Participant: 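Pasting a structure below so you can have a look.
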Amino acid sequence: MDDETLETELRRAADLFDPVPSGLLRAAESAFTLRTLGSELAELTFDSLAEQPLPVRAGDPSRLLTFTGPTVTVEIEVVGGRLIGRLIPARTVQIDVRGTGDGSTVITDELGRFTAPLPGTGAFSLRCRLKPELVTDWVSAR
C-alpha cells in the first residue's frame with residue numbers, strides 16, 4: 001500500500017470513528033478569524049527558500065523574507081540564529097518577535113532597521129506596534 005492510499009484510509013477511519021464535532025469546527029474557524037482583530041496582516045510575498053530551495057554555497061545560508069502590508073513592508077534576513085530586518089517606509093517603532101521559544105521586543109532605528117534573536121527553531125511572526133498594528137504571517141525559521 002502506498003503512502004497516499006494509506007493516508008486516505010486513515011482519514012476515512014478517523015472520520016468514521018472519531019468525527020470532529022461541527023460546533024468545534026465552527027468555534028475554531030471563528031477563533032482563527034479573530035486572531036488579528038484590530039491588526040492588519042502583512043502577507044509573505046517573497047521567500048528566497050521558495051525561489052532557490054538548495055543552498056548555493058556551504059555553511060549556514062541566509063534566508064530572505066518580504067512581508068507586504070497595506071501601508072508597510074517588512075524585509076527580513078534570517079541568518080545565524082538572528083533576524084536582521086527593516087521597515088519600508090522607514091520609521092521608529094516597537095516590534096515584538098513571537099515564536100516557539102522566548103520572544104523578544106526590539107525598537108527600530110530611524111532608518112527602520114532592527115536585529116533580534118530568532119525565537120526558537122519553530123515558526124515565528126512579527127507584531128509591529130503601529131497604528132493600526134501590523135502582524136506578519138507565521139513562517140518556519142528554517
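The figures here come from the full heavy-atom set of this structure, side chains too, leaving out hydrogens, waters and symmetry mates. For clarity, every value in this text was computed on a predicted model and none was experimentally measured.
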Participant: Could you work out, with side chain to side chain donor-acceptor pair (under 3.5 Å) as the rule, every residue matching T105, not counting sequence neighbours?
Facilitator: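 So T105 forms a side chain to side chain donor-acceptor pair (under 3.5 Å) with D96.
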Participant: Does T45 have any side-chain contact (heavy atoms from CB on, under 4.5 Å) partners at least two apart in sequence or in another chain, and if so, which?
Facilitator: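 T45 satisfies side-chain contact (heavy atoms from CB on, under 4.5 Å) with T66, T68 only.
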Participant: Check which hydrophobic residues are tied to L64 through side-chain heavy-atom contacts below 4.5 Å, counting indirect links as well, and list them.
Facilitator: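 Grouped by the 4.5 Å side-chain rule, F46 form the rest of the cluster around L64.
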Participant: So, does T136 use its side chain to make a donor-acceptor pair with the main chain of S125 at under 3.5 Å?
Facilitator: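 Absent.
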Participant: Run the side-chain contact (heavy atoms from CB on, under 4.5 Å) check on V79 and I84 step by step: do they pass?
Facilitator: CA-CA 8 Å; V79 61; I84 302 168; 3.8 Å; yes
Participant: Excluding sequence neighbours, so at least two apart, what forms salt bridge (Lys or Arg N to Asp or Glu O under 4.0 Å) with R82?
Facilitator: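 Partners of R82 by the salt bridge (Lys or Arg N to Asp or Glu O under 4.0 Å) criterion come out as none, since no residue qualifies.
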Participant: If you take all heavy atoms of G103 and P119, which pair is closest and at what distance?
Facilitator: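 So the minimum-distance heavy-atom pair works out to CA-CB, 4.3 Å.
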Participant: Which residue pairs pass the salt bridge (Lys or Arg N to Asp or Glu O under 4.0 Å) test when at least one of the two sits in residues 107-124, sequence neighbours left out?
Facilitator: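 Every salt bridge (Lys or Arg N to Asp or Glu O under 4.0 Å) pair that includes a residue of residues 107-124, provided the two are not neighbours, is D109-R113.
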Participant: Do S48 and R63 have a side chain donor and acceptor closer than 3.5 Å?
Facilitator: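 Side chains of S48 and R63: no pair found under 3.5 Å.
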Participant: May I ask you to test the V135-C128 pair for a side-chain heavy-atom distance under 4.5 Å?
Facilitator: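 No, their side chains stay 4.5 Å or more apart.
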Participant: Taking atom CZ of R98 as the centre, does the number of heavy atoms from other residues, nucleotides or ligands within less than 6.0 Å exceed 12?
Facilitator: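 Result for CZ/R98: enclosed.
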Participant: Not counting sequence neighbours, which residues clear side chain to side chain donor-acceptor pair (under 3.5 Å) with D2? List them please.
Facilitator: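 With neighbours one apart ignored, the set is T5.
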Participant: For the atom pair CG (L87) and CG (L130), what is the distance rounded to the nearest 0.5 Å?
Facilitator: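 Here the rounded value is 7.0 Å.
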Participant: Enumerate donor-acceptor pairs with a distance under 3.5 Å from any side-chain N or O in residues 11-21 to protein atoms, sequence neighbours excluded.
Facilitator:
{"residue": "R11", "atom": "NE", "partner": "E7", "partner atom": "OE2", "Å": "3.2"}
{"residue": "R11", "atom": "NH2", "partner": "E7", "partner atom": "OE2", "Å": "2.8"}
{"residue": "R12", "atom": "NH1", "partner": "E9", "partner atom": "OE2", "Å": "3.0"}

Participant: Taking side-chain contact (heavy atoms from CB on, under 4.5 Å) as the test, write out the residues that go with L10, two or more places apart.
Facilitator: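 With sequence neighbours excluded, L10 shows a side-chain contact (heavy atoms from CB on, under 4.5 Å) to L6, given in chain and number order.
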Participant: For the residue pair L118 and V78, establish whether any side-chain heavy-atom pair is separated by less than 4.5 Å.
Facilitator: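 L118 reaches V78 side chain to side chain.
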Participant: Can you give me the closest heavy-atom contact between V106 and A116, atom names plus distance?
Facilitator: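 In terms of heavy atoms, the two residues are closest at CG1-CB, 3.8 Å.
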Participant: Do R127 and V97 have side chains that approach each other closer than 4.5 Å (heavy atoms only, starting at C-beta)?
Facilitator: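 R127 vs V97: side chains apart.
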Participant: For T108, which residues count as a side chain to side chain donor-acceptor pair (under 3.5 Å) partner, sequence neighbours excluded?
Facilitator: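 Once residues adjacent in sequence are excluded, T108 has no partner under the side chain to side chain donor-acceptor pair (under 3.5 Å) criterion.
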Participant: Would you please name every residue forming a salt bridge (Lys or Arg N to Asp or Glu O under 4.0 Å) with R91, sequence neighbours left out?
Facilitator: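 Result, salt bridge (Lys or Arg N to Asp or Glu O under 4.0 Å) vs R91: none returned.
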Participant: Sequence neighbours left out, what passes side-chain contact (heavy atoms from CB on, under 4.5 Å) with V139? Give chain and number order.
Facilitator: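 V139 satisfies side-chain contact (heavy atoms from CB on, under 4.5 Å) with L44, L65, F67, F124 only.
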Participant: Quick one: pull up CD in Q94 and CD1 in I107 and give me the separation to the nearest 0.5 Å.
Facilitator: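 Spacing of CD (Q94) from CD1 (I107) equals 4.5 Å.
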Participant: So which atom in G112 and which in A90 form the shortest heavy-atom distance, rounded to 0.1 Å?
Facilitator: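 Result for this residue pair: N-CB, 3.8 Å.
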